[in-house]
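Presented below is the structure to which this report refers.
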Amino acid sequence: MKRFDGFERFEMLKRFRRFGSVAAAIVALLQIAPLHGQPARDFIWKVTSPAGALYLVGSVHLLTKDFYPLNPALDTAFKDSDLLVEEADLGELESPASQFKLLSRGLLPGNQSLDAVVSAATYALVTKRVSDLGMPMEPLKRFKPWMLAMTLETLEWQKAGFDASLGLDRHFYDRAKVDGKGVQGLETVDYQLSLFDQMTRGEQDRMLAESLKDLDREQASVITLTNAWKAGDAATVERIVLDDVKGDPIMYERLLVNRNRNWLPTLDALLNRKGRAFVVVGAAHLVGRDGLLAMFKAKGYKVEQL
């Protein structure tokens, strides 16, 4: 589940992360050439219906400066668009009101402590990781498990040099504001928070434990994943980011499938508007049989990778 969270989030972390279109992402410090023997492609598709077209981009939410400048296909498509659509409007996400919501919903009630709401095994994993980071444990006991998972994950990626301010969604949001393009979110802050805050205690415990267990393994495999994303290799991205989350059907439905289905009517409406939308969502939302690319193909639309 952690790999999915990293690539996704923060879309939500966030992906909140940044607070995020949720809390943070899987990326690497590497300039990557196209896979041998394959034409150069990016993680961007043009979707064309009888009424119109849009660009659909699979995002990595945390990157490093080494990934810039972006490949020309992304810049060309962005310049051809008049509307940026992301999982959530970053302006709303970063507002003081939204930050207060995150804080108030991410903390346990005053009469509860983390060690009382997670298993002893999970708490032991937390204390070890916090100690390794050189942080005090006491303030973190107020965090709900889902919020602590996102916080610790983000800190690990920041240590490795990755930054939400360099993520693809942030990059295009800033450019849209400078260029005077419209900006639209597919989800509200309240909805994104509810995806985590409505998890059961057992689900939050499992999320926290699995995130901590996978951190070291992820750092060892990040180059493979980033190579695939940079080269536009959707099959490899699908294998890496979806294998783990599919092992938890409830989370797979909640964080991926249901949201994709919820977005589809809005994306269909974008295809019918005058002008062209540039849609940026977490890469995990595009791939697999429940992904947006498959959904558009099932409707008979032309789906072309650029």
Side-chain angles (χ1 to χ4, degrees), residues 1-25 61-62 86-119 122-123 125-126 129-130 137 139-157 164 169 185-212 214 244-245 248-263 281-282 284-285:
M1 173 155 135
K2 162 70 178 62
R3 286 190 193 133
F4 167 70
D5 285 342
F7 216 86
E8 211 9 43
R9 260 172 348 241
F10 278 149
E11 189 216 298
M12 319 209 46
L13 281 129
K14 26 81 134 296
R15 4 177 173 162
F16 295 152
R17 103 222 188 269
R18 75 206 185 216
F19 147 51
S21 172
V22 184
H61 300 292
L62 288 83
E86 298 187 319
E87 294 180 30
D89 183 334
L90 289 187
E92 179 192 4
L93 286 169
E94 295 171 348
S95 70
S98 294
Q99 294 300 308
F100 179 77
K101 285 180 182 178
L102 174 63
L103 182 63
S104 61
R105 294 177 67 173
L107 296 180
L108 292 165
N111 61 344
Q112 292 185 11
S113 178
L114 182 71
D115 54 334
V117 299
V118 299
S119 68
T122 297
Y123 190 70
L125 290 172
V126 172
R129 180 64 63 171
V130 170
M137 185 64 218
L140 300 180
K141 289 183 179 180
R142 291 292 318 284
F143 283 37
K144 289 181 180 178
W146 67 263
M147 182 65 172
L148 184 57
M150 292 182 175
T151 300
L152 294 177
E153 181 181 350
T154 304
L155 289 172
E156 289 288 346
W157 288 113
D169 37 3
L186 291 167
E187 296 170 337
T188 65
V189 172
D190 284 334
Y191 176 74
Q192 290 201 336
L193 281 171
S194 73
L195 292 170
F196 295 97
D197 202 30
Q198 292 180 5
M199 292 168 63
T200 66
R201 182 174 292 188
E203 289 169 345
Q204 291 190 45
D205 188 312
R206 185 165 64 252
M207 174 185 176
L208 177 57
E210 292 304 314
S211 294
L212 292 171
D214 284 349
D244 285 349
V245 75
D248 189 336
I250 294 175
M251 295 301 293
Y252 178 64
E253 288 287 326
R254 176 183 294 155
L255 295 181
L256 264 186
V257 181
N258 291 342
R259 295 171 70 211
N260 288 350
R261 290 171 180 160
N262 290 342
W263 295 345
V281 297
H285 287 283

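Model, not experiment: these values are computed from the prediction.
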Please list, chain by chain and in numerical order, all residues satisfying salt bridge (Lys or Arg N to Asp or Glu O under 4.0 Å) with D190, sequence neighbours excluded.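 K101, R105.
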
Using the test salt bridge (Lys or Arg N to Asp or Glu O under 4.0 Å), find all partners of R201 that sit at least two apart in sequence or belong to another chain. none

So which heavy atom on [X] is nearest to which on [Y], and how close?
{"X": "L256", "Y": "A284", "answer": "CD2-O, 3.6 Å"}
{"X": "G91", "Y": "D89", "answer": "N-OD1, 2.8 Å"}
{"X": "N260", "Y": "H285", "answer": "OD1-ND1, 2.7 Å"}
{"X": "A149", "Y": "M207", "answer": "CB-CE, 4.2 Å"}

Would you indicate whether the side-chain heavy atoms of [Y] and [X] approach each other to under 4.5 Å?
{"X": "R254", "Y": "M199", "value": "yes"}
{"X": "F143", "Y": "M150", "value": "no"}
{"X": "M137", "Y": "L114", "value": "yes"}
{"X": "V281", "Y": "R259", "value": "no"}
{"X": "V118", "Y": "V126", "value": "no"}
{"X": "L186", "Y": "E86", "value": "no"}
{"X": "L93", "Y": "Q192", "value": "yes"}
{"X": "F196", "Y": "Q204", "value": "no"}

Find the distance between [atom1] ([X]) and [atom2] ([Y]) and round it off to the nearest 0.5 Å.
{"X": "K141", "Y": "L108", "atom1": "NZ", "atom2": "CG", "value": "12.0 Å"}
{"X": "M147", "Y": "L208", "atom1": "CE", "atom2": "CG", "value": "13.0 Å"}
{"X": "R206", "Y": "S211", "atom1": "CZ", "atom2": "OG", "value": "11.5 Å"}
{"X": "L125", "Y": "L152", "atom1": "CG", "atom2": "CG", "value": "11.0 Å"}
{"X": "D197", "Y": "K144", "atom1": "CG", "atom2": "NZ", "value": "3.5 Å"}
{"X": "L148", "Y": "L107", "atom1": "CG", "atom2": "CG", "value": "11.0 Å"}

May I ask you to decide if A209's main-chain N or O and T122's side chain share a donor-acceptor pair within less than 3.5 Å? no

Donor-acceptor contact present, side-chain D115 to main-chain Y123, <3.5 Å: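 Absent.
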
State whether a side-chain donor-acceptor pair under 3.5 Å links E203 with W146.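 Not at all, the side chains of E203 and W146 share no donor-acceptor pair under 3.5 Å.
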
Applying side-chain contact (heavy atoms from CB on, under 4.5 Å) to R261 and E253, what does each step give before you reach the verdict? CA-CA 10 Å; R261 290 171 180 160; E253 288 287 326; 3.8 Å; yes

